[in-house]
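Working notes, beginning with the structure itself.
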Amino acid sequence: MPKTESQNPPLPKAFDLRKNVVLIAKELLGKLLMTSIDGQTTGGMIVETEAYSYRERGCHAYQGMRTERNKIMFEAGGIAYVYLCYGIHNLFNVVVNENDKADAVLVRALQPVEGEELMKSRMKTSSLKRITSGPGKLTKALGIDRTSNGKNLSSCELWIEDGVTIRKKEIVSAPRIGIDYAGEDAKLPWRFFIKDNEWVSKM
DNA sequence: TAGAGGATTGAT
DNA sequence: TCAATCCTCTAC
């Protein structure tokens with residue numbers, strides 16, 4: 001039987017709009033990112049995130065720069081911001097904060113928990129090894145593309161639910177990847193991942 | 001409207 | 001280390 005909107009769990013507390021995007025990026029670790037496409041469910045535990053705020057240069061919406069691509073970031077939190085990177089990869093972000101405060105959390109890696117066979121099929125591999133260890137890979141494995149842009153994260157096709165609680169001492173912070181253009185802001189330790197987790201990208 | 005560059009990935 | 005690949009943004 002197809003899922004309905006009301007059957008999905010409410011968004012986890014990580015989406016509390018009063019919280020800072022950096023705090024939310026840490027709290028998303030351990031949560032489950034799930035998709036249900038054509039009745040087939042896939043999903044994984046979030047093991048790596050990066051925080052982006054309109055206040056710093058690494059962010060697409062730096063200083064309130066609103067474009068056709070990033071306009072979704074300016075909406076109220078709890079929706080998906082999916083964009084194409086390098087012309088090839090779809091990258092998935094969780095929009096947080098209030099209207100016009102364009103903060104988002106990039107999900108960089110997952111640990112598969114459901115639909116492993118379908119994910120392997122989508123990745124055209126017979127091995128589960130590292131198929132969701134990277135922002136471009138996890139979207140492909142879960143079937144996320146730009147049609148998911150702006151989608152509510154309590155929808156029946158794409159949602160986040162509570163998983164396991166990650167203790168503070170298990171969370172490692174580091175500078176974000178691939179934003180050298182952001183100058184000093186590139187050094188902000190806003191990349192978070194679960195210590196010793198084999199699914200984290202670029203160990 | 002043209003040109004440059006990019007929150008990546010996989011092959012070599 | 002480099003190519004793939006194409007959307008987005010900026011400059012003119």
Side-chain angles (χ1 to χ4, degrees), chain A residues 20-26 28-29 33 44 46-75 77 79-97 101-112 119-151 153 158 160 171-194 197-203:
Chain A
N20 181 283
V21 63
V22 173
L23 192 58
I24 295 174
K26 284 189 266 192
L28 277 172
L29 294 175
L33 173 62
I46 298 170
V47 299
E48 182 180 355
T49 60
E50 285 181 357
Y52 288 88
S53 168
Y54 66 94
R55 299 179 188 85
E56 47 84 22
R57 278 168 287 185
C59 183
H60 289 168
Y62 175 52
Q63 289 186 326
M65 177 77 79
R66 190 191 299 246
T67 66
E68 189 59 29
R69 178 178 66 164
N70 72 10
K71 63 184 180 184
I72 290 297
M73 292 181 75
F74 290 82
E75 303 205 4
I79 60 175
Y81 169 44
V82 183
Y83 73 94
L84 189 68
C85 184
Y86 296 112
I88 306 169
H89 307 289
N90 291 298
L91 270 58
F92 171 82
N93 293 254
V94 177
V95 176
V96 301
N97 218 328
K101 292 184 178 176
D103 289 351
V105 177
L106 170 69
V107 178
R108 288 191 56 90
L110 298 177
Q111 178 174 334
M119 285 193 273
K120 283 192 287 188
S121 164
R122 285 174 177 151
M123 299 301 283
K124 296 183 171 58
T125 177
S126 57
S127 166
L128 197 60
K129 193 178 178 184
R130 304 190 71 75
I131 60 170
T132 50
S133 299
K137 291 198 280 189
L138 73 89
T139 54
K140 190 174 179 185
L142 266 62
I144 296 172
D145 58 25
R146 280 171 297 158
T147 61
S148 301
N149 192 33
K151 195 156 281 186
L153 292 174
L158 176 64
I160 290 177
I171 298 175
V172 181
S173 61
R176 293 166 297 176
I177 291 172
I179 57 164
D180 294 343
Y181 59 85
E184 284 296 306
D185 289 337
K187 297 175 184 172
L188 291 169
W190 285 6
R191 175 182 174 226
F192 304 101
F193 55 92
I194 298 175
N197 187 288
E198 62 176 317
W199 294 92
V200 170
S201 70
K202 291 186 179 178
M203 294 290 283

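Quick note on labels: first sequence line is chain A, next is B, and so on, each numbered from 1. Keep in mind it's a predicted model, so treat the numbers as computed, not measured.
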**Asked** What about A/His89, does its side chain sit under 3.5 Å from the base of B/dA7 through a donor-acceptor pair?
**Response** no
Find the distance [X]:[atom1] to [N]:[atom2] and express it as a whole number of Å.
X: A/Arg191; N: B/dA7; atom1: CZ; atom2: P; value: 15 Å
X: A/Tyr62; N: C/dC9; atom1: OH; atom2: C1'; value: 17 Å
X: A/Phe92; N: B/dA7; atom1: CZ; atom2: P; value: 18 Å
X: A/Asp145; N: C/dC7; atom1: CG; atom2: P; value: 13 Å
X: A/Lys129; N: B/dG10; atom1: NZ; atom2: P; value: 13 Å
X: A/Ile131; N: B/dT9; atom1: CD1; atom2: P; value: 13 Å
X: A/Asp180; N: B/dG5; atom1: CG; atom2: P; value: 14 Å
X: A/Leu84; N: C/dC7; atom1: CG; atom2: C1'; value: 6 Å

**Request:** Using heavy atoms to find the nearest nucleotide of DNA chain C for A/Tyr86 and A/Asn70 separately, return the residue whose nucleotide is more 5′.
**Result:** A/Tyr86
Picking from [options], which would you name as closest to the side chain of [X]?
X: A/Arg108; options: C/dT8, B/dT8, B/dG10; answer: B/dT8
X: A/Tyr181; options: B/dT9, C/dA4, B/dA7; answer: B/dA7
X: A/Thr67; options: C/dT8, B/dT8, B/dG10; answer: C/dT8
X: A/Arg146; options: B/dA7, C/dT10, C/dC7; answer: C/dC7
X: A/Arg69; options: B/dT9, B/dA7, C/dT8; answer: C/dT8
X: A/Pro135; options: B/dA7, C/dT8, B/dT9; answer: B/dT9

**Message:** To the nearest 0.5 Å, what is the distance between OH on A/Tyr54 and CG on A/Asn70?
**Reply:** 14.0 Å
**Request:** Quick one: pull up CG in A/Leu188 and CD in A/Glu50 and give me the separation to the nearest 0.5 Å.
**Result:** 11.0 Å
**Residue pair A/Arg191 / A/Ser201, side-chain heavy-atom distance below 4.5 Å** = yes
**Prompt:** Heavy-atom distance under 4.5 Å between the side chains of A/Leu29 and A/Ile171, does that happen here?
**Reply:** yes
**Message:** Quick check: closest heavy atoms across A/Arg130 and A/Glu198, and the distance to 0.1 Å?
**Reply:** NH1-O, 2.6 Å
**Asked** Considering all heavy atoms of both residues, which atom of A/Ala80 and which atom of A/Ile72 are nearest to each other, and what is their separation?
**Response** O-CG2, 3.4 Å
**N or O in side chain of A/Lys137 less than 4.0 angstrom from B/dG10 OP1/OP2** = yes
**Message:** Only Watson-Crick and G-U wobble pairs with both distances less than 3.5 Å should count. Give DNA chain B in dot-bracket notation, marking inter-strand partners with |.
**Reply:** ||||||.||||.
**Asked** A/Phe193 ring centre to A/Arg108 NZ or CZ under 6.0 Å, with the angle to the axis within 45°?
**Response** no
**Request:** Using a heavy-atom cut-off of under 4.0 Å over every strand shown, decide if A/Arg176 touches base, sugar-phosphate, or nothing.
**Result:** nothing
**Request:** Select base, sugar-phosphate, or nothing to describe what A/Met65 touches, counting heavy atoms under 4.0 Å on all strands.
**Result:** sugar-phosphate
**Nearest-nucleotide 5' precedence on DNA chain B, A/Val105 against A/Met123** = A/Val105
**Prompt:** Do A/Ser53 and A/Arg55 get their side chains close enough for a donor-acceptor pair, meaning under 3.5 Å?
**Reply:** yes
